[in-house]
Protein chains: 2
Amino acid sequence: MAADRPTGKTLAGEAYERIRGAIQDGRLRPGDRMRFSDLQALCTMSVTPVREALARLTAEGFTVLDDHRGFSVAPLSLSELRDITANRKLCEGEALRLSIERGDGQWEARLVAAHHLLARVPQGRDDMPSVIRDDWDERHAAFHRALISACGSPILLDTCLRLFGHAGRYRRVSVSLSGRRRDADAEHRQLMDLALARDGAGAVAALHAHYQGTADALEAFFDGRNA
Amino acid sequence: MAADRPTGKTLAGEAYERIRGAIQDGRLRPGDRMRFSDLQALCTMSVTPVREALARLTAEGFTVLDDHRGFSVAPLSLSELRDITANRKLCEGEALRLSIERGDGQWEARLVAAHHLLARVPQGRDDMPSVIRDDWDERHAAFHRALISACGSPILLDTCLRLFGHAGRYRRVSVSLSGRRRDADAEHRQLMDLALARDGAGAVAALHAHYQGTADALEAFFDGRNA
DNA sequence: GTGTCAATGATTTTCGAAAATCCGTGCCAT
DNA sequence: ATGGCACGGATTTTCGAAAATCATTGACAC
């Protein structure tokens with residue numbers, strides 16, 4: 001499918017995507033130390049591009065670097081989960097407000113299309129094949145991206161996407177805890193409806209509730225795990 | 001002053017700081033292409049650590065990467081200036097509000113100390129030696145950092161610092177336009193007073209005005225330049 | 001005169017090995 | 001017994017050169 005060397009793209013870029021993928025889907029777990037020998041085996045390339053990929057990932061907060069002790073996957077913590085949630089409320093909330101204020105017909109079309117695709121995939125459960133679950137993750141991200149895509153601020157958009165990616169690491173940890181997100185579908189539909197109705201305040205409130213709900217579920221999961 | 005090799009630190013880290021410094025103080029100008037040969041001369045090291053530094057800078061938006069065409073300094077534009085300003089209002093405003101809500105006596109002390117140091121340096125002008133101007137820049141950054149340092153959100157703090165760094169590139173371009181920022185000192189004092197008085201709403205409003213004022217001045221400068 | 005294509009030069013990108021650094025282990029002195 | 005210290009192994013970090021890629025120039029056909 002992908003040619004051996006999709007010309008115009010660099011090896012370091014591929015290493016970045018591959019390692020980030022491994023982190024986000026849990027193949028590399030939080031706190032794990034990342035040896036270059038393993039990473040070279042995973043990426044099938046020399047150390048230089050891998051190092052460049054890790055530098056980028058570190059700048060984005062997915063990995064941490066101890067000088068002369070190498071890289072490791074950024075650890076997860078309750079305090080960071082709370083921090084991410086608070087920042088998502090702030091940034092994605094504002095981005096959604098702006099999108100509703102500024103979005104045109106094209107934006108509405110993108111939103112409806114993304115929701116349609118999301119609704120057609122069964123809700124994520126632990127017993128579903130990972131291929132389908134990955135598909136749901138991708139469409140889920142696309143839906144949230146569509147929601148805020150008309151905000152008109154590239155910087156804000158970038159911040160939101162970064163936060164979404166970080167939140168995804170927590171989401172994935174608790175994916176084995178099924179049933180807890182029973183109403184995600186309904187919440188997504190409600191978000192779309194409020195956005196299309198141009199109800200900015202209502203949509204932002206719903207988004208806050210959506211994020212707080214997922215955060216609470218995750219927090220309960222973590223508490224149960226530590227006890 | 002700095003030892004030849006401050007052990008415990010990596011060469012790539014030094015390259016990062018050096019190149020970032022060159023970008024922020026204008027030695028490398030927006031849009032400039034960055035050849036590795038030049039950068040190696042500037043940093044006195046091989047290509048590998050320089051490349052890692054550029055990868056980090058690219059992830060933070062200070063440089064851009066065209067695949068197989070190398071790195072260049074991220075260009076400046078009015079639209080990005082407006083975008084940065086809007087995001088600073090949102091993020092630093094919230095961070096300031098939180099700091100005022102949560103800050104303790106230690107925070108107040110840091111704030112007063114930072115303002116004292118800032119006020120003791122003469123206002124930036126085009127005829128001042130660059131050493132002093134650099135000093136003012138550093139203390140200016142320290143003051144704004146102190147303002148929001150008690151917000152309790154590492155992620156928000158990181159976002160704010162990144163935005164501040166980007167805004168600094170625009171600030172520096174217009175530093176030759178002296179006299180325009182005549183009331184920066186007064187505004188800083190007002191910010192501190194409002195923060196110490198725990199007037200959250202007032203302080204956030206003052207911060208917004210502060211940023212909008214600098215943005216307007218810069219925009220006028222850019223307009224005059226293009227005409 | 002214009003457009004296409006191949007060779008050339010400059011530059012980035014990647015490799016594989018050398019140098020530097022850190023952690024753990026075992027020995028020795030107190 | 002305990003604390004300090006040097007040594008060995010594993011790993012990161014850096015180097016210098018080779019391979020790959022892109023822009024430019026010039027020639028040639030139409």
Side-chain angles (χ1 to χ4, degrees), chain A residues 2-20 22-23 27-75, chain B residues 2-20 22-23 27-75:
Chain A
D4 285 25
R5 287 173 197 170
T7 181
K9 213 176 175 187
T10 185
L11 267 186
E14 189 176 325
Y16 171 84
E17 292 180 9
R18 218 177 263 232
I19 297 174
R20 175 168 169 162
I23 290 176
R27 262 161 36 236
L28 290 171
R29 284 180 304 181
D32 276 359
R33 179 131 176 248
M34 310 168 84
R35 288 178 196 72
F36 277 94
S37 46
D38 301 339
L39 262 40
Q40 286 181 58
L42 171 64
C43 299
T44 327
M45 62 186 68
S46 182
V47 59
T48 313
V50 171
R51 190 165 182 75
E52 179 172 336
L54 288 176
R56 285 194 217 172
L57 288 166
T58 297
E60 292 177 1
F62 287 102
T63 56
V64 293
L65 165 62
D66 296 340
D67 285 311
H68 292 283
R69 289 193 54 185
F71 297 84
S72 56
V73 182
Chain B
D4 285 24
R5 286 176 199 170
T7 181
K9 213 176 177 185
T10 186
L11 267 186
E14 190 176 324
Y16 171 83
E17 291 180 10
R18 219 177 261 232
I19 298 174
R20 175 168 169 163
I23 290 175
R27 267 170 21 243
L28 289 170
R29 285 181 302 181
D32 276 359
R33 179 131 176 249
M34 309 167 84
R35 288 179 197 70
F36 277 93
S37 46
D38 301 338
L39 262 40
Q40 286 182 59
L42 171 64
C43 298
T44 326
M45 62 185 69
S46 183
V47 58
T48 313
V50 171
R51 191 168 182 79
E52 179 172 338
L54 287 177
R56 285 195 219 172
L57 288 167
T58 298
E60 292 178 0
F62 288 103
T63 56
V64 293
L65 165 61
D66 297 338
D67 284 310
H68 292 283
R69 291 192 52 184
F71 296 83
S72 56
V73 182

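Because the structure is predicted, anything quoted here is derived from the model rather than measured. Chain naming here is simple, since letters A, B, ... match the order of the sequence lines and numbering starts at 1 in each.
A salt bridge does not link A:K9 to A:E14: none of the charged side-chain nitrogens sits closer than 4.0 Å to a carboxylate oxygen.
Across D:dA17, D:dT13, C:dC15, the shortest atom-to-atom separation from the side chain of A:F71 is found for D:dT13. Among the nucleotides C:dT14, D:dA23, D:dG16, the one closest to the side chain of A:A12 is C:dT14. Listed nucleotides: C:dA17, D:dG16, C:dT21. Nearest to the side chain of A:H68: C:dT21.
The stretch residues 51-63 of chain B has no heavy atom under 4.0 angstrom from DNA chain D at all. Contacts between residues 33-43 of chain A and DNA chain D, counted as heavy-atom distances below 4.0 Å, involve A:R33, A:M34, A:R35, A:F36.
Between B:R18 atom CZ and B:I23 atom CD1 the span is 14.0 Å, to the nearest 0.5 Å. For the atom pair CZ (A:R27) and CG (A:L42), the distance works out to 6.0 Å, reported to the nearest 0.5 Å.
In this entry the distance linking CG of B:L65 with C1' of C:dT11 reads 13 Å, nearest Å. Rounded to a whole Å, the NZ atom of B:K9 is 16 Å from the C1' atom of D:dT13. The separation between A:Y16 atom OH and C:dT13 atom P is 17 Å, rounded to whole Å. Between the CG atom of A:L11 and the C1' atom of C:dT14 there is a distance of 7 Å, rounded to whole Å.
Side-chain contact between A:L65 and A:L54 is absent, with no heavy atoms from C-beta onward closer than 4.5 Å. The shortest side-chain heavy-atom distance between A:V50 and A:I19 falls under the 4.5 Å cut-off. By the 4.5 Å heavy-atom criterion applied to side chains, B:T10 and B:P49 are not counted as neighbours. Here the side chains of B:R56 and B:F62 are not in contact, with every heavy-atom distance at 4.5 Å or above.
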Stepwise side-chain contact (heavy atoms from CB on, under 4.5 Å) test for A:E52 and A:Y16:
CA-CA 8 Å; A:E52 179 172 336; A:Y16 171 84; over 6 Å; no
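Nearest-nucleotide positions on DNA chain D for A:G70 and B:P49 put A:G70 closer to the 5' end. Nearest-nucleotide assignment on DNA chain C puts the 5′-proximal partner with A:T44, out of A:T44 and A:R69.
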Report, one line per pair, each donor and acceptor closer than 3.5 Å where one atom sits in a side chain of residues 31-40 of chain A; sequence neighbours left out.
{"unit_1": "A:D32", "atom_1": "OD2", "unit_2": "A:R29", "atom_2": "N", "d": "3.1"}
{"unit_1": "A:R33", "atom_1": "NE", "unit_2": "A:R69", "atom_2": "O", "d": "3.2"}
{"unit_1": "A:R33", "atom_1": "NH2", "unit_2": "A:R69", "atom_2": "O", "d": "3.4"}

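Between A:T10 and the phosphate of C:dT14, there is a side-chain N or O to OP1/OP2 separation shorter than 4.0 Å.
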